[in-house]
Participant: 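Take this structure, written in structure tokens, and hold onto it; I'll ask about it next.
Not measured: the values here are computed from a predicted model. Just the heavy atoms: all of them, side chains too, but no hydrogens, waters or symmetry mates, feed the values below.
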Amino acid sequence: EGLHVGNLFAFTGNDIYGRFQRLQGHTVFEPFGFDAFGIHSENYAIKVGMHPGELIPRNIDNFRRQVQRSGLMVDWRRELSTTDPSYYKWTQWVFLQLYKQGLAYKKAAAVNWCPFDKTVLANEQVIGGACERCGTLVEQRFLEQWFFRITDYAGRLLANLDGLDWSEATKTAQRNWIGKSEGAQIVFVVQDVMEFAGSATVSAGLSGEVSVTPTEVRVFTTRADTIFGATYLVLSPEHPLVDSITSDEQREEVQQFVAASARQDLVSRKTSKKKSGVFTGAYATNPATGEPIPIWIADYVLMEYGTGAIMAVPGHDERDHEFALAYDLPIVRVIAGEGHATDTPVGDEAFTETVGCRLVNSGRFNGLTVSEGMTAIVTELGAHHAAIPVVNYRLHDWCISRQRYWGPPIPIVYCDMCGPVPVPEDQLPVLLPDLEDFRPDDSGVSPLARATEWYHTTCPVCAGPARRETDVSDTFLDSAWYFLRYPSTDRDDVPFDPAMMKKWLPVHSYIGGNEHAVLHLLYARFVTMVLHDAGFVDFDEPFVRFRAHGMIVRDGAKMSKSKGNVVNPDEYINEWGADAFRTYLMFLGPYEEGGDFQSKGISGVKRFLDRLWRSVTDARTDGEREPEVQRKLHQTIKKVGEDIPRLSYNTAVAAMMEYMNTMRSGERTPHIDEVRPLVQMVSPFAPHIAEELWSVMGNATSVFESGWPAYDPALVVENTVTMAVQVNGKTRGTISAPKTVAEDEAIALAMAVPAIAKFVTGPPKKVIFVPGRMLNMVV
RNA sequence: GCGAGAGUGGCGAAACUGGCAGACGCACCAGACUUAGGAUCUGGCGCCGCAAGGCUUAGGGGUUCGAGUCCCCUCUCUCGCACCA
């Protein structure tokens with residue numbers, strides 16, 4: 001509908017940085033765009049009963065009006081809109097580049113399905129088991145979906161983070177999301193059930209022969225050192241081997257369990273505290289001990305991580321321990337800490353410590369430390385082809401299919417003769433057909449399937465009958481490359497104009513919300529890397545510098561329509577003006593932390609700007625210029641010039657207010673030369689007023705062409721300072737002294753102050769003297 | 001549970017490497033000027049106390065001549081992830 005103060009807070013901080021860079025003499029490109037594809041916009045259109053194709057342009061007009069009146073230094077010639085065919089043509093082109101690189105593929109997968117929005121969601125869009133958009137609990141569905149192989153880039157996405165000038169919290173969030181974990185894949189050979197039942201001896205293990213049987217279970221572990229304590233295996237209920245290894249006696253029970261867990265939605269499965277499982281009737285050989293161990297199925301093992309199977313070490317893993325207790329499975333100690341003997345029972349809780357611990361009950365590996373044991377065991381098992389070191393990532397491939405209407409159609413055609421065929425680039429865009437009823441249904445198929453004329457097409461290869469892909473792509477794909485397009489919006493023949501690309505990219509300063517830490521920013525980095533590897537862009541990281549701005553709350557609470565505490569920027573701009581509103585937003589708290597919006601607070605900033613106005617209109621052009629005012633001016637220029645680049649906008653405003661107070665103290669009328677630099681300093685915050693005052697002062701060109709005022713380092717330093725004087729570490733008074741005062745002079749000055757001298761009861765035993773700062777006498 | 005961040009006056013907040021805690025602003029109090037206004041200007045404003053002085057940065061301990069800042073413990077709040085083997 002329109003702007004939220006949070007948007008304006010983000011934009012203003014960005015704009016101040018841009019305007020400051022311009023004052024510094026740089027050429028600044030500050031573009032603006034609209035990203036109105038996606039479920040959010042479509043749901044809103046459904047809610048108000050309009051077609052998004054009509055509604056969105058109208059709302060964009062409103063947004064643009066609000067942005068323009070808030071005074072952003074935007075180059076509107078470069079405006080773009082992701083819903084415009086001239087833009088999504090290239091979104092489809094990006095898809096095709098990934099397809100060509102083998103990075104886009106279709107597979108049937110258990111996916112997150114939102115029953116309200118009736119679409120698939122990416123893992124990143126599921127928050128605590130619920131749909132990020134509508135809050136409905138997400139279900140599991142098995143559907144054919146398009147994926148991007150972002151996991152191929154996991155290592156690089158992680159490694160590159162170290163070199164980026166980004167907010168540390170954002171980098172940490174990405175690291176955690178990628179979730180690198182180093183361990184090993186270990187092979188457990190499944191024993192033939194009949195054979196095992198018939199023979200007591202099974203030869204296997206490190207010391208014997210590895211039996212050759214057709215079935216093996218691969219597990220991922222980060223604790224290969226504990227393998228001697230692996231007393232059972234657990235498969236996820238969806239594991240492909242479940243059916244083939246289950247014994248006849250256990251079949252019914254297993255099938256019931258699997259069916260029950262399939263019905264269960266992801267949330268209750270992932271959040272249920274109690275672990276449940278069932279025995280398959282099958283056994284596998286522990287490759288370290290050579291002993292047979294039972295294979296179980298349990299809901300606490302997730303198919304989507306690792307191999308979907310684990311070796312359970314109940315002695316040293318909390319979850320396995322809990323499960324072993326519930327089902328009476330053996331618990332063995334293989335790691336001993338201080339005070340533990342080989343046969344010390346594990347006890348009520350799993351022993352998960354590793355530091356200073358040694359292996360026990362682990363054959364020839366006894367006595368090794370945890371990390372030594374890990375390496376030695378993986379090496380040894382590796383020699384028997386039973387283990388390999390593996391790096392696992394928590395990150396999943398990016399599911400980009402959406403069974404919805406309002407998005408760019410995925411440019412693929414299905415031909416009975418040729419199979420899936422990418423739409424040739426010269427036939428892009430695949431236009432989104434105009435559908436009267438665009439609402440999604442529960443079929444799992446996009447509404448686009450109902451656009452029969454559009455749906456039936458011809459194969460680009462053989463010209464035979466073919467059908468179009470009916471899924472549209474995730475809206476995060478639209479925003480994963482938009483910054484690359486801005487400099488080239490005038491080019492319809494290529495996605496990127498090479499010269500403009502070179503001039504403006506990568507993005508030097510990017511400011512966004514924390515909500516983008518793992519979604520948008522990770523996807524944008526991935527797409528940039530892919531386009532870089534394909535030779536289209538010459539950098540592989542899109543954003544040189546990223547800073548996350550904070551959140552604006554109101555009276556200590558998050559703004560929401562239901563609480564009725566939402567700030568409508570239009571109201572405040574109408575009442576106070578865009579400049580006061582902008583400056584107040586920057587003043588209310590540290591930019592990277594956000595702050596509390598208090599309606600009354602604006603008046604202070606308004607007073608400051610009014611005083612600036614009067615300072616110009618009333619300024620004198622002759623008379624004295626006091627050195628104190630001069631010094632304060634130069635100090636302020638220095639401080640504001642240092643604060644803005646580090647986004648310390650609140651202290652920059654405070655510094656300018658201080659200078660104003662100095663300049664006008666005691667009803668003093670400022671000299672015009674004292675006011676002029678202040679107008680320049682204020683201009684990034686309050687561009688309209690500054691521009692007008694600049695003109696009133698007789699300048700023919702823009703204040704933003706005037707350059708940032710210079711300060712004289714010699715004038716910044718105070719030559720007389722106020723020093724704190726402490727006696728026994730307690731401050732007892734101050735002295736005024738030259739900056740370069742010597743210790744004995746300072747003491748003499750201090751002793752002349754009765755309030756200080758009365759605490760000095762004898763000759764000082766010790767004197768700490770920090771020149772120009774403080775004096776401490778210990779008596 | 002794990003990860004990230006935060007706790008400073010009545011309120012929003014400053015204090016960049018340990019050196020006068022509370023800059024700047026809101027609110028409040030007193031005063032000036034008033035063609036009475038949501039204007040402007042001056043002064044005051046952490047807490048206790050008449051004062052001298054004492055106390056004070058969530059709480060407790062420590063290092064130091066000196067701690068909001070460094071170290072250890074505890075508590076509270078916000079956000080993110082959540083059976084990741």
Side-chain angles (χ1 to χ4, degrees), chain A residues 127-129 167-173 175-177 179 181 183 219-223 226 234 269-275 298-302 304-313 317-320 322-323 392-396 514-515 517-518 550-551 553 555-556 558 575 584 587-590 592-593 595-608 610-611 614 639 642-643 646 648 650-658 660-661 664-667 722-734 755 758 764-770 772-778:
Chain A
I127 309 298
S167 308
E168 235 7 85
T170 309
K171 292 208 267 185
T172 306
R175 283 191 192 103
N176 292 343
W177 191 263
S181 140
V219 305
F220 173 73
T221 180
T222 54
R223 292 296 305 277
T226 62
V234 189
R269 172 155 168 208
K270 287 193 173 182
T271 52
S272 72
K273 295 253 158 50
K274 201 150 161 45
K275 295 180 174 39
D299 52 9
Y300 78 96
V301 175
L302 309 173
E304 67 257 27
Y305 186 76
T307 59
I310 61 153
M311 63 174 210
V313 184
D317 181 277
E318 283 170 28
R319 297 151 302 179
D320 298 342
E322 190 191 323
F323 191 77
N392 226 334
Y393 293 98
R394 213 189 78 124
L395 185 68
H396 291 34
N514 284 309
E515 70 274 17
V518 287
M551 193 172 61
V553 297
D555 307 320
K558 205 171 167 172
E575 188 173 356
Y584 174 62
F587 183 61
L588 57 70
E592 291 177 74
E593 286 168 38
D596 200 15
F597 187 95
Q598 298 182 330
S599 312
K600 283 178 179 169
I602 303 181
S603 58
V605 168
K606 175 69 161 50
R607 272 196 272 268
F608 167 69
D610 286 346
R611 298 220 290 168
R614 289 197 302 274
K639 174 151 179 64
E642 285 166 357
D643 281 353
R646 57 186 185 98
S648 188
N650 55 334
T651 55
V653 174
M656 291 189 283
M657 287 173 165
E658 272 190 70
M660 176 76 78
N661 292 343
R664 296 177 67 92
S665 74
E667 301 189 60
T722 306
M723 285 175 63
V725 179
Q726 300 183 338
V727 179
N728 292 338
K730 279 194 193 299
T731 303
R732 296 299 180 183
T734 59
K758 73 179 192 186
K765 286 191 284 239
K766 190 174 178 183
V767 174
I768 291 101
F769 178 67
V770 183
R773 300 208 92 145
M774 55 82 62
L775 171 72
N776 186 9
M777 289 175 281
V778 183

Participant: Between the side chains of A/Asp643 and A/Thr651, does any donor sit under 3.5 Å from an acceptor?
Facilitator: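 The criterion, which ignores hydrogens and geometry beyond distance, is satisfied for A/Thr651 and A/Asp643.
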Participant: Go ahead and name the base partner of B/rC24; Watson-Crick or wobble counts if both distances stay under 3.5 Å, otherwise write none.
Facilitator: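 In the structure as shown, B/rC24 has B/rG12 as its Watson-Crick or wobble partner.
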Participant: Out of B/rC41, B/rA4, B/rA23, which nucleotide sits closest to the side chain of A/Ala169?
Facilitator: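 Shortest atom-to-atom distance from the side chain points to B/rA4.
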Participant: Going by purine N1 to pyrimidine N3 plus the second Watson-Crick contact, or the G-U wobble pair, all under 3.5 Å, which nucleotide sits opposite B/rC41?
Facilitator: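 Per the H-bond distance test, B/rG31.
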Participant: Tell me if the side-chain of A/Glu575 makes a donor-acceptor pair with the base of B/rG38, cut-off 3.5 Å, by modelled atom types.
Facilitator: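 Result: at least one qualifying N/O pair found.
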Participant: What's the closest nucleotide to the side chain of A/Thr651 if the choices are B/rG12, B/rA14, B/rG66?
Facilitator: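 Of the candidates, B/rA14 comes closest.
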Participant: Does A/Glu318, at its CD atom, have more than 12 non-hydrogen atoms belonging to other residues, nucleotides or ligands within less than 6.0 Å?
Facilitator: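 Result for CD/A/Glu318: open.
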Participant: Please tell me which of the listed nucleotides, B/rG54, B/rC24, B/rA85, lies nearest to the side chain of A/Glu658?
Facilitator: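 When the side chain of A/Glu658 is considered, B/rC24 is the closest of B/rG54, B/rC24, B/rA85.
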Participant: For A/Met657, answer base if it contacts any base atom (sugar-phosphate contacts may also be present), sugar-phosphate if it contacts only those atoms, and nothing otherwise; contact means non-hydrogen atoms under 4.0 Å.
Facilitator: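 Here A/Met657 touches the backbone only, sparing every base.
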Participant: Measure from OH on A/Tyr584 to C1' on B/rC24 and round the result to the nearest Å.
Facilitator: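 The answer, rounded to whole Å, is 13 Å.
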Participant: Scan A/Gln726 against the nucleic acid and name what it touches under 4.0 Å (heavy atoms): base, sugar-phosphate only, or nothing.
Facilitator: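 Base, at least one base atom sits under 4.0 Å.
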Participant: When both hydrogen-bonding distances must be under 3.5 Å and the geometry is Watson-Crick or G-U wobble, what is B/rA6 paired with, if anything?
Facilitator: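 WC or wobble partner is B/rU76.
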Participant: If you go through the side-chain atoms of A/Lys600, does one of them form a donor-acceptor pair with the base of B/rC11 closer than 3.5 Å?
Facilitator: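 Counting by modelled atom types and ignoring angles, no donor-acceptor contact under 3.5 Å is found here.
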Participant: Of all the choices, B/rA82, B/rG19, B/rU40, which nucleotide is nearest to the side chain of A/Arg394 once you look at every atom?
Facilitator: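 The listed nucleotide nearest to A/Arg394's side chain is B/rA82.
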Participant: Rounded to whole Å, how long is the line connecting atom CG of A/Asn661 with atom P of B/rC24?
Facilitator: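 Rounded to the whole Å, the gap is 7 Å.
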Participant: Should B/rG1 form a Watson-Crick or G-U wobble pair with both distances under 3.5 Å, which nucleotide is its partner?
Facilitator: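 Its partner is B/rC81.
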Participant: Answer yes when A/Lys606 and A/Asp610 have at least one side-chain N-carboxylate O distance shorter than 4.0 Å, and no when they do not.
Facilitator: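 Between A/Asp610 and A/Lys606 there is a salt bridge, with a charged N closer than 4.0 Å to a carboxylate O.
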Participant: Checking A/Phe608 against A/Phe587 for the ring-ring contact (aromatic ring centres under 6.0 Å, His included) test, could you report, in this order, the C-alpha distance in whole Å, the side-chain angles of both residues, the deciding distance, and whether it holds?
Facilitator: CA-CA 12 Å; A/Phe608 167 69; A/Phe587 183 61; 8.7 Å; no
Participant: Counting any heavy atom closer than 4.0 Å, what does A/Asn176 reach on the DNA or RNA strands: base, sugar-phosphate only, or nothing?
Facilitator: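 Contact class for A/Asn176: sugar-phosphate only.
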Participant: Where does B/rG49 land, syn or anti, given syn is within 90° of 0?
Facilitator: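 This nucleotide is in anti.
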Participant: At under 4.0 Å, does any side-chain N or O of A/Lys758 touch on OP1 or OP2 of B/rG53?
Facilitator: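 Yes.
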Participant: Provide, to the nearest angstrom, the distance between the NZ atom belonging to A/Lys639 and the P atom belonging to B/rA23.
Facilitator: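 Distance, rounded to whole Å: 14 Å.
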Participant: Round to a whole Å and report the spacing from NZ of A/Lys171 to P of B/rG5.
Facilitator: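 Whole-Å distance recorded here is 13 Å.
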